[in-house]
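Within every chain, numbering begins at 1; the chains are lettered A, B, ... in the order of the sequence lines, protein sequences first and strands thereafter.
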2 protein chains.
Amino acid sequence: MAGSDSEFDLIQRYFGAPSADVNAEGVRLGIGDDAALLAVASGHELAVTVDTLIEGTHFFPDHPPASVGHKALASNLSDLAAMGAEPLGALLSLTLPRVDHDWLAGFSEGFLALAEEVGIPLVGGDTNRGPLAISVTVLGTAPAGQALRRAGARPGDRLVVSGALGGAAFGLAHETARRARGAAGATLPADAREPACDRLFWPRARLALGRGLRNRARAAIDISDGLLADLGHLCAASGCGARVDWPAVPRDPLLAQIPDDQAREYALGGGEDYELLFALPAGESLDLLAFSVDLPLTVIGECTEGDAVVVEDADGRRLDVTRAGHDHFADNMGNTD
Amino acid sequence: MAGSDSEFDLIQRYFGAPSADVNAEGVRLGIGDDAALLAVASGHELAVTVDTLIEGTHFFPDHPPASVGHKALASNLSDLAAMGAEPLGALLSLTLPRVDHDWLAGFSEGFLALAEEVGIPLVGGDTNRGPLAISVTVLGTAPAGQALRRAGARPGDRLVVSGALGGAAFGLAHETARRARGAAGATLPADAREPACDRLFWPRARLALGRGLRNRARAAIDISDGLLADLGHLCAASGCGARVDWPAVPRDPLLAQIPDDQAREYALGGGEDYELLFALPAGESLDLLAFSVDLPLTVIGECTEGDAVVVEDADGRRLDVTRAGHDHFADNMGNTD
């Protein structure tokens, strides 16, 4: 379906100009034709994924538009990071209830700033009228056979996560409460509110780490649904189990102010931290890897025989972890009907 | 963002199994990881496009779900056809207000039947909760430098369209009227209702023709917004004008029963016929091409100097054509708010 004039104008107006600024080596033909044309370097495979963000499910109706633009791209880049792929190009399908130029200016600013930072050109898109939704497709490349997958982990591999966990879930809980309670709902001291929002609204995709894991990690996944849910996906794909050492799990500093059982829920079950979880065989040096990506990397447990995913406390006792990860069909950020 | 369990289940349940049936030579890794991995044959370029269909804008709420699935894929395949690309893989991002298994069964049946027919594997996707919307990304390949573009037409080139025009607009008008009027709104004789629905609900992408146009046509576009609107896009990209001979424009047989001025509106301004419009230089034989694709191909005019797109009647008089193509931000099929 070709874009109609006003669709074309909207995409051109807000997303057209800066595409020349980003590294667009692989782009043979960008926005404005029936399809974009991209070159995939010889000896490379293409990685491609799509994700849709819905108002009320993935972001608040009053979410700052720049952060919605950032997050829509970042969450997709995180999938490329988990595959160890280099960004090649992005497409944006934007559904808008009306043409709101302020919102569009903010959204495109957030989207394009991140696109420029990581060097991914916007090569196509369309706009439609309807309830606000943002569908982003990203394409990347990796040397053939070297892309990371969820399958491949083996019993004995160390389980490693980047960064710290639970910050986005913490931010979501407090932002949800604040909206529910109005002005009186400020449950956080003012100096903690901004970092909590940052975790939720401005996630980073671990692209450099993903690249660094090629030929090193046996399996990888990004933590979007929550550590235990995503670990479950990795184990299921790899045909192994896992033992997680709860005291070793790196917690977001924001969790220091809340009780341990709540911190556990956020760090193990909370989604949208967009850190990477990977399985590292015995021979690979973690220190060297951490040094090269300038990011904390923490061993949180190991892959095991069987298929059980268990969490143990400092005394080796098994913890009963109830929340297995968020599910867009189970819990929403707001009313979407 | 990795799929949560129920997302994964929905995609797996309705779209997982048959992917093995389709020609999936280029697929290194399909549904179920953070991204799909595809191989692009050496010496080929990648074509990629995304389009979103919204309930109420692109299809009726009571649109048969199988035809929604078909149309969501067909409208995207039409863009690949317009580029002269071979299908490589498709991704589906599905936003659903609730899990309606009857709808999903019908939708996936229509989507997958067409996917199998044209040999495009479904390699990824996600599901979300929200107002019904369907975002489809398709990828295709063409020998490097041979993909068709909108730019490239030159004054003197013949303008050619495939098939016949106006059937989808005719079907839309009557289906809209029928819904507005209830049972009494059957404005068509029963034997015309089915073909009118077919034009609207079951479009075909002209993939074989697109391939046949490589190295022959100078420029091409698919007719999704309407002949004159899409011709305008082609001329703008090519830096030329066009003269269309209205009596030569191939009209859908359904238009024989309506007045000429209404037929003109449907055939010149109506969208979603998904035929191809292309510019053919003097040296290329149209008969040979038509024979090889088994599809009517009709010269409707020619490219001209300047930038004006004009339509002439049988006497060479310029026609005043008011409707320049449909615009999703101007007219809707129904209420989407």
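- Looking at B:Ala36, both its backbone and its side chain come within 4.5 Å of chain A, counting heavy atoms on both sides.
- A:Arg150 has its side chain within reach of B:Asp34: a pair of non-hydrogen atoms, C-beta onward, lies under 4.5 Å apart.
- Judged purely by atom type and a 3.5 angstrom limit, A:Asp126 uses its side chain to pair as donor or acceptor with the backbone of B:Thr52.
- Atom-to-atom distance recorded for A:Ser135:OG and B:Leu91:CG is 9.5 Å, nearest 0.5 angstrom.
- Heavy atoms closer than 4.5 Å to chain A are found in the side chain of B:Leu139, but not in its backbone.
- For B:Ala220, the part lying under 4.5 angstrom from a heavy atom of chain A is the backbone only.
- Around atom CG of A:Asp307, no more than 12 heavy atoms belonging to other residues, nucleotides or ligands sit under 6.0 Å away.
- The part of B:Val40 that comes within reach of chain A is its side chain, from C-beta onward, which places non-hydrogen atoms under 4.5 angstrom from that chain.
- A distance of 7.5 Å separates CG in B:Leu53 from CG in A:Asn128, rounded to the nearest 0.5 Å.
- Atom CG in B:Asp33 sits 7.0 Å away from atom CD1 in A:Ile221 (nearest 0.5 Å).
- Interface residue B:Thr95: only side-chain heavy atoms are found under 4.5 Å from chain A.
- The nearest pair of heavy atoms linking A:Gly125 to B:Val50 is CA-CG1, 4.2 Å.
- The shortest distance between side-chain heavy atoms of B:Leu29 and A:Glu45 does not fall below 4.5 Å.
- Among all heavy-atom pairs drawn from B:Ile54 and A:Pro131, the shortest one is CG2-CD, 4.4 Å.
- Using a 4.5 Å cut-off between heavy atoms, B:Ala47 contacts chain A through both its backbone and its side chain.
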